[in-house]
Amino acid sequence: MDSPTVAVHEGAHHEHPSYQRHHFVTMDQQRESASFGMWLFLLTEIMFFGGMFTAYLIYRNWYYPAFVAGSHTLSIVLGTTNTAVLITSSFTMAMGVWCAETRKRSGLILSILLTLVLGLVFLGIKSVEYHEKWVQHHVPGLRFDAMTFVHPKAEPGQPVEPGLPLDMAQHTEIYFSLYFAMTGMHALHMIIGMGLLIFMLIKAVQGAYDEGNIAFVENFGLYWHFVDIVWIFLFPLLYLISRHQ
Amino acid sequence: MSSIVSLPDQTTARIPKRNYITNENGIMSWLLTGDHKRIAILYLISITFFFFIGGALAGLIRLELLTPQSDLMAADTYNKVFSMHGIIMIFLFLVPSVPATLGNFLIPIMIGAKDLAFPKINLLSWYLYLAGGALTLWAMISGGVDTGWTFTVPLSTHYLNTNVVTTGLAIFIAGFASIFTGLNFIVTIHRMRAPGMTWFKLPLFVWSNYAASILMVLGTPVLAITLVLVVLERTIGIGVFDPSKGGDPILFQHLFWFYSHPAVYIMILPGMGVISEVISTFSRKRVFGYSAVAFSSVAIAVFGFFVWEHHMFIMGVSNYSTLVFSFLTMLVAVPSAIKIFNWAFTLYKGSITFETPMLYAFGFMGLFTIGGLTGVFLGSSGTDIHLTETYFIVAHFHFVMVGGMLMAFLAGIHFWWPKMTGRMYPEKISQLAAVVTFIGFNFTFFPQFLLGMLGMPRRYAAYPPEFQVLNVFSTAGATILGVGYLLPMIYLVWSLKYGKIAGANPWQATGLEWQIQSPPLTENFVEIPVVTQEAYDYEWLDRQKEREVTQVG
Amino acid sequence: MSEMEAKHGEEHHIVSPKIYVLIALTLLICTALTVGASYLELGPWNAVVALGIAVFKATLVVLFFMHIKYSSKLMKLTVGAGLFTFLALVCMSMSDYISRAWGSF
Amino acid sequence: MDHISPVIWQFLVKWLTNFAVIPPEASKVAPQVDALLLFMTLVSLVGLTLVILLVVTFSILYRRERNPVATQIEGSTLLEATWTIIPLGLFLVMFVWGSVLYFRIYTPPPNAMQMYVVGKQWMWKVEHPGGQHEINSLHVPVNKPVQLTLISQDVFHSFSLPAFRVKREAIPGRYTTVWFEATREGTYHLFCSQYCGTAHSAMIGQVVVMSEDDYKKWLASSTSGVSLAQNGERLFASLSCTACHNGTPTARGPNLAGVYGSTLTLTNGQKVTVDDEYLRQAILNPSARITQGYAPIMPTYQGQISEEGLFSLVEYIKNLNSNYRIQQTTTTTELAPAATAAAVGTKGMVKP
Ligand code: HEA
Ligand code: HEA
Ligand code: CUA
Ligand SMILES: [Cu+2]
């Protein structure tokens, strides 16, 4: 997309890989710029989620019982599984970067495939959870019924939860708003990530990362790990509020 | 009056055949360009467009306020007009004004790089800006929006039936344009400096844009998520900000101002950079206290994150946190004072000439000082109670934004016009325009301080008749001001064809950008320069010139 | 570039897969721990433990998966800046909410 | 002066005769605020003059004609320190002074008269303890501290009294307070200064400051016969609050007599002082804060009581210093099986 320019610095330096952009002097400079840029982008992501974490913190302090009751409707089993899945996918992605760095094409393809599959599993489980919320009338705004917390239904195999007073029960809607906003944003990031993974898979199969031009893989790795980190916080905050009660 | 302008012999001078403008032809070569200079020009055209729309809306505001009754338009129309005025002026004009045009054009050149680190992201940023702008216009045409630029909940979420969602999305998108600009600048300034270009050799323009970029990258996402929550609240009613569901509308204020206070420094810092360059050049002296000015930019950026609550003093926030935020507001005001005095002392023992950019810079110093000091009135919580939500605030922010930043922007546009286009603007008429702007400005906005003191609330379509006289002054002033802004528009376009040929360094300034041809080559430098001189090293420049003379002779 | 010059020759660090495996296992164990801890009755400490473990996990990911341990000072500073601003947002907002209940003089 | 157009002439005359830079000082705090404003203006003028003087003097002294060659100067640490410390010092003085005023304006004295204000799109409704209502106006006696408790029924509004130099936002879902002591009789502006939608600029009214006697007369002439507390008492009975809050040792709810202003311990060990806001929350969101020793059985009254009704209840509970009347009510209806329901029935439904 850049307009062609005369390569003015030809000969001034040693060999230039074909993928070095004209405005960078060295390959090191290009690589460091790319990862620095990616990190700055991740900072904006931190702040983006930061707004929601602030909201979460405030309302959790205000409406603690509602948050407890809300979190008790989430399935720890599914949540834990998903955490494990995501961590594993982060691991396979890290391996992918390593394969790219050491120029192992088939390893890279395998890692990407695994990451993709794990990502899909995560989203699958997430959608099961979302569906359950829909069925239980726990979707704020669209399909919400606070009475399910005033007279909770007995779950098989679990002790009956004591009901909440009506006013507190109504505030579970805030909990679920934040639950959906946060996990929804997180899932959106995952979906975007899956798109990029597929793109990367095609490129990898074509051999685009065989000559050391792996900035894209590395930076995608950073992105994927970041998404993982967000979940590392979401999991205890949303699922594990005083499970002991 | 003497001047420092040194133009090449007009009978023989030619604009260099090969430059970034002539390098490629056709509309596609512009729309798909990766060249930071071309993107800067694209940005310049688009923000000018939005400035005049915003300005026309300002004209409507002032016309309506000519009389106490709401007779020119109904109250809800008036509300839509000032909302759009604020939204367009802030998000689509002032935030991108200096960084996305002058910064885009100059930062790579000033640090000796061939382009910004991510040319494609730079182009993407412009397209995002356009998309945001188009959506905003769409929202305006298809019924308007009357939230005010602050989107206050629960008004915006539950009590209005205008295009809040469209506008919210538009600002969300435009916000990402700003994030990408900032991100690009930070990476470029860190990673792409020419050999020898250490941090303390950077021009102050680069420092201040760097500081503003930090704010863009870290502040804007919070606005983005806030707008998302507003849109979700409005569309499906999630209740996070809705008091009837237990949400807290004050939380919205916290999140909104967490961005929007730093945003005012996003708006002023790049302008301060322009002033540093201009004052130094036209007094032929290095900026007094270079490192103090550089660090004060960073200090403003850092402290700028800790004062947002001063917009909420009367909204029922805790009295104790008011104490903290009011205190921090006082701290953040100090670096600005440092800058003003350093600029004043740059003049000391200089050799001063009064070309148009310098006139605008003087305008900036006077008006920004007034605007800033009245900001301190607002930062002191006891007086804020009386002054908040009145025309005093309107006057305060127009002094800093219009008297400050817009003046700085115009100073910068005139100053770098020869570099961007290769031609000079006409000097006499532009000096006239600067003076007209200054006079018109004071006429327009000074009476508003008095109105505010007297208690006239802002965002009023109709007001008690006793306030009329001052409002008439203000409207009269706005007319003069409008002329002051139309003039440059006309003569700058005129100069594209008829202006004198500028040559590489008409001001004999020291920056790297003046050492290359105007307009520059697409790749900026034939050879990456090795920097040995300090910023604003006029002795180095003189030696350089001598060397050239002896070489040619 | 000026900073670049100095560390030009320095090879880009490649983290060995062994470390990745180790980190991944630690992360999984920590996940098990945090779930386990949530079944204990610790009062307000439940939140502290859960967050503490989460912070530990996130640090591991940042340091090793994201290579910050092997990156330049600038990168470390960048991460720090993000964290700092995030904490500023949270803490300064909370300063209002917490002190509201204190009433007035 | 014939050559000046009559319209402009009229204008100038009007302006010059009415010229003012500050509204009348009609409250006790107004002169104090004005003193700070004056101080700030003076400091600003000095600062501004200094800046202008520097710029103008240097521009004249060192213009190119007089000084063709500039002398390069690095800077001066001493000067930097000067213009860091002096403005900082001045700003800090403004900060301290301003904060003192801020706390003064937002901390009502204990003996203040109480008035309640509801803001709604687009009018102000004021409730006096004596049961007088007024719309878009506020009558107050001179030289008496008056405390306003504000709430909004919909969006943010802002109760702005420029002549008193006080202003407070009325926000939905929560009480805010402000107070003033008017010092000069007269009629002054009352504005809504927070943007609140279409008719924001029409949400204006007046505050009338009257002498003690006039005020009494006004109160007497505009009373509806039922005081706020009386209305509150009726609500208290009709909403069957009496069922639990009757002050007997066996009552399911805590004793409310004298609860206002006291300090309660909650089940989580927190201590809170009971103020208007606490009472409001106790009625709407009772389970958020449970008093120690009680079960969270109180039902929420969210959506059942209007803001005005809440004000009545708050006013009633505030003034409740014995449970005598409550117990009277409950004992007289003891005979009926469904005690409280019957009480409501016999008294007739009181609209909240
Ligand atoms: C470019 C934009 C810009 C800038 C730079 C500033 C700068 C400042 N602003 Fe302003 N502000 C706005 C744009 C800006 N503001 C806007 C848009 C609003 C309204 C938003 C809305 O509600 O719609 C606003 C509102 C606003 C408020 C909220 C009022 C309210 O809602 O109640 C406050 C309160 O503290 C404030 C304070 C300040 C302060 C202390 C500074 C300081 O940074 C100023 C520092 C500068 C100086 C102090 C001048 C230089 C000093 C000297 C030369 C020293 C003089 C010498 C001596 C004292 C000896 N501003
Ligand atoms: C960058 C920011 C910026 C700029 C440049 C301006 C420029 C101007 N603004 Fe604005 N203004 C804001 C930002 C800005 N404003 C904001 C954020 C608000 C708050 C909105 C809110 O409350 O939500 C506001 C609100 C605001 C109000 C208060 C409305 C209210 O509260 O009721 C007023 C009233 O006088 C006003 C006037 C003006 C005027 C006269 C100009 C002039 O400087 C403009 C001069 C320019 C021109 C006139 C254009 C050039 C000429 C033409 C295109 C020819 C046509 C001209 C005519 C028809 C006259 N503005
Ligand atoms: Cu109510 Cu403005
Ligand atoms: Cu601010």
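Order of the sequence lines sets the chain letters (A, B, ...), proteins ahead of strands, with each chain counted from 1. All figures in this text were calculated on a predicted structure; none of them were measured in a lab.
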Evaluate the ring planes of Tyr348(B) and Tyr62(D), with Trp represented by its six-membered ring, and classify them as parallel (under 30°), tilted (30 to 60°) or perpendicular (over 60°).
perpendicular
Interface residue of largest heavy-atom contact number with chain B, from Val43(D), Thr176(D), Val51(D), under 4.5 Å
Val51(D)
Criterion side chain to side chain contact (heavy atoms under 4.5 Å, CB included) on Leu48(D) and Ile370(B), from CA distance to verdict
CA-CA 7 Å; Leu48(D) 179 66; Ile370(B) 300 180; 3.7 Å; yes
For the side chain of Ser380(B) and the backbone of Met94(D), is there at least one donor-acceptor N/O pair under 3.5 Å apart?
yes
Option that, when pairs with chain B are counted at under 4.5 Å, heavy atom only, ranks first among Gln32(D), His200(D), Arg63(D)
His200(D)
Point-to-point distance, once rounded to the nearest 0.5 Å, from OG of Ser156(B) to OH of Tyr195(D):
10.5 Å
Test item: Asp146(B) side-chain N/O and Gly197(D) main-chain N/O as donor-acceptor pair under 3.5 Å
no
Give the member of Arg66(D), Glu80(D), Gln121(D), Gln302(D) that has the highest number of heavy-atom pairs under 4.5 Å with chain B.
Glu80(D)
Going by the angle between their ring planes, with limits at 30° and 60°, are Phe58(D) and Phe345(B) parallel, tilted or perpendicular?
perpendicular
Pick from Asp34(D), Thr41(D), Thr82(D), Leu45(D): which one has the most heavy-atom pairs with chain B under 4.5 Å?
Thr41(D)
Top of Gly246(B), Ala75(B), Ala337(B), Ser326(B) for chain D proximity - count of heavy-atom pairs under 4.5 angstrom:
Ser326(B)
Got a second to check how far Tyr106(D)'s OH is from Ser318(B)'s OG, nearest 0.5 Å?
13.0 Å
Under a 3.5 Å distance rule, please check whether Asn79(B) uses its side chain to pair with a backbone N or O of Thr198(D) as donor and acceptor.
yes
Start with the C-alpha gap between Tyr102(D) and Thr322(B), add the side-chain angles, then the distance that decides, and say whether side chain to side chain donor-acceptor pair (under 3.5 Å) holds.
CA-CA 9 Å; Tyr102(D) 183 85; Thr322(B) 295; 3.1 Å; yes
For Ser70(B), is it the side chain, the backbone, both, or neither that has a heavy atom closer than 4.5 Å to a heavy atom of chain D?
neither
Please tell me if the side chains of Leu331(B) and Leu88(D) come closer than 4.5 Å, counting only heavy atoms from C-beta onward.
yes
Between Val96(D), Thr84(D), Leu90(D), which has the largest tally of heavy atom pairs under 4.5 Å with chain B?
Thr84(D)
Classify the side-chain pair Ser201(D)/Tyr463(B) by whether it contains a donor and acceptor separated by less than 3.5 Å.
no
Name the region of Val69(D), side chain, backbone, both or neither, that has any atom closer than 4.5 Å to a heavy atom of chain B.
backbone
Counting only N and O atoms by type, is there a donor-acceptor contact under 3.5 Å from the side chain of Arg174(D) to the main-chain atoms of Gly316(B)?
yes
Applying side chain to side chain contact (heavy atoms under 4.5 Å, CB included), run through His386(B) and Leu37(D) and close with a yes or a no.
CA-CA 10 Å; His386(B) 176 54; Leu37(D) 281 173; 4.2 Å; yes
Audit row: Phe91(D), Thr329(B), side chain to side chain contact (heavy atoms under 4.5 Å, CB included) steps and yes/no
CA-CA 9 Å; Phe91(D) 293 162; Thr329(B) 303; over 6 Å; no
Are Phe252(B) and Phe156(D) close enough, and set up right, to give a ring pair (Phe, Tyr, Trp, His ring centres under 6.0 Å), and what steps lead you there?
CA-CA 12 Å; Phe252(B) 167 85; Phe156(D) 282 70; 8.9 Å; no
Top residue by heavy-atom pair count (under 4.5 Å) with chain B, among Ala202(D), Gly173(D), Cys192(D), Pro87(D)?
Cys192(D)
Compute whether any side-chain donor of one residue and acceptor of the other, for Thr353(B) and Arg64(D), lie under 3.5 angstrom apart.
no
Any side-chain heavy atom of Asn342(B) within less than 4.5 Å of one from Trp83(D)?
yes
Taking Lys167(D) for its side chain and Thr388(B) for its backbone only, find out whether a donor-acceptor pair lies under 3.5 Å.
yes
Would a distance-only check, ignoring hydrogens and angles, find a side-chain to backbone donor-acceptor pair under 3.5 Å from Ser351(B) to Ala70(D)?
no
Among the options Gly366(B), Gly289(B), Gly379(B), pick out the one with the most heavy-atom pairs lying under 4.5 Å from chain D.
Gly289(B)
Output the option from Met453(B), Glu539(B), Arg458(B) having the highest count of non-hydrogen pairs under 4.5 Å with chain D.
Met453(B)
Ignoring hydrogens and geometry beyond distance, is a side-chain donor-acceptor pair present between Asp537(B) and Gln72(D) at under 3.5 Å?
no
